[in-house]
Amino acid sequence: MYRFGMTPWERYGKAAADSIAALLDREETERSRPLGRALDLGCGRGQFTPELGRRGWEAVGVDYVPAAIEEAKRQEAKGVTYVVGDVTDLPSADLGTFDFFLDIGCFQGFDTGRQRAEGQGVSALANPGSTLLMLAFGVTRLRSRIGGVSQAEVEAAFPDWELLDVQAAETAGLGWPMNRTSPQWYRLRRPA
């Protein structure tokens, strides 16, 4: 995908920067300082991980694509580290535990088995009371080309988490066909 310039999650991040910032603001206001550790799942070239570091999280970005991680490491960002790893096998990466998880488009690219594997891995690394903020595009007629995730699939992959909120995400700037996918922000909490 990177070689062909097909990175809709990066395009979305630029188009929705203000709304993403507002969602991250909410995560901060509900916590005491220090914020703790944050894991950016499927961080790619590090579009969002540095923002977590700037906000005061001890941020880790993980992605399966070595070239993406190498490019992410070229950014100068305090409090940020990057790791090549498989989000469907997080415990093997020996990353420690986290208080916040950010997934902007990674989960939706998986089939049901891999979605559940990501859910199990995130659960294994989650401190009690941790939260997960996930952007996923909705199911459409174009599912075979775009993917798409339903609320039921999110809840099935994270059975030990409580769903706090589902919020429609902005579509401005996405372009066709992504602007027809009903993207949603899912916010979940691991009970304390």
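What's counted below: heavy atoms across the whole structure, side chains too, no hydrogens, waters or symmetry copies. Count residues from 1 along the sequence.
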Non-hydrogen atoms of P91 and A124 that approach each other most closely: CG-CB, 4.0 Å
Pair L24-F48, side chain to side chain contact (heavy atoms under 4.5 Å, CB included): steps then yes or no: CA-CA 11 Å; L24 294 175; F48 307 105; over 6 Å; no
Full working for side chain to side chain contact (heavy atoms under 4.5 Å, CB included) between E162 and L164: CA-CA 6 Å; E162 60 180 315; L164 299 175; 4.0 Å; yes
Minimal non-hydrogen separation, E170 against P183, with atom names: O-CG, 3.9 Å
Residue pair Q151, Q184: steps toward the side chain to side chain contact (heavy atoms under 4.5 Å, CB included) verdict: CA-CA 9 Å; Q151 180 175 326; Q184 303 290 315; over 6 Å; no
Parallel, tilted or perpendicular: ring planes of F158 versus F107, cut at 30 and 60 degrees: tilted
Donor-acceptor contact below 3.5 Å, side chain R37 vs main chain T97: yes
Shortest non-hydrogen contact from G61 toward C43: C-SG, 3.5 Å
Residue pair S130, F101: steps toward the side chain to side chain contact (heavy atoms under 4.5 Å, CB included) verdict: CA-CA 8 Å; S130 61; F101 299 86; 4.0 Å; yes
Separation of L133 CG from I104 CD1 (nearest 0.5 Å): 7.0 Å
Test item: D103 side-chain N/O and G105 main-chain N/O as donor-acceptor pair under 3.5 Å: yes
Note, D165 side chain near R26 side chain (heavy atom, < 4.5 Å): yes
CZ-CG distance between R189 and L132, expressed to the nearest 0.5 angstrom: 12.0 Å
Under 3.5 Å, which donor-acceptor pairs link side chains of residues 49-56 to any protein atom two or more places apart or in another chain?
| from | atom 1 | to | atom 2 | distance (Å) |
| --- | --- | --- | --- | --- |
| T49 | OG1 | D40 | OD2 | 2.7 |
| E51 | OE1 | R54 | NE | 3.3 |
| E51 | OE1 | R54 | NH2 | 3.0 |
| E51 | OE2 | R55 | NE | 2.8 |
| E51 | OE2 | R55 | NH2 | 3.4 |
| R55 | NH1 | D25 | OD1 | 2.7 |
| R55 | NH1 | E28 | OE2 | 2.4 |
| R55 | NH2 | A21 | O | 3.2 |
| R55 | NH2 | D25 | OD1 | 3.2 |

Within one Ile-Leu-Val-Met-Phe-Trp-Tyr cluster: L39 and V80, side-chain cutoff 4.5 Å: no
Residues forming a side-chain hydrogen bond (donor to acceptor under 3.5 Å, both in side chains) with S32, sequence neighbours excluded: none
Joint hydrophobic cluster, V122 plus V60, side-chain heavy atoms closer than 4.5 Å: yes
Residue pair L135 / A169: nearest heavy atoms and the distance that separates them: CD1-CB, 3.7 Å
side-chain hydrogen bond (donor to acceptor under 3.5 Å, both in side chains) partners for E27, two or more places apart: T131, R187
Same cluster (ILVMFWY, side-chain, under 4.5 Å), L23 and L35: yes
Under 3.5 Å donor-acceptor, R31 side chain and D99 backbone: yes
Qualifying ring pair (Phe, Tyr, Trp, His ring centres under 6.0 Å) pairs, either residue in residues 52-90, two or more places apart: W57-F100
Nearest heavy-atom neighbours spanning R116 and A156: NH2-CB, 3.4 Å
Non-neighbouring partners of Y186 that pass ring-ring contact (aromatic ring centres under 6.0 Å, His included), sequence neighbours left out: none
Cluster overlap L95 with V84, hydrophobic side-chain contacts below 4.5 Å: no
Q115 side chain vs E153 backbone, donor-acceptor pair below 3.5 Å: no
Spacing of R190 atom CZ and N127 atom CG [to the nearest 0.5 Å]: 10.0 Å
Which donor-acceptor pairs under 3.5 Å do side chains of residues 65-72 form with protein atoms, sequence neighbours excluded?
none

V149 backbone acceptor or donor facing Q108 side chain under 3.5 Å: no
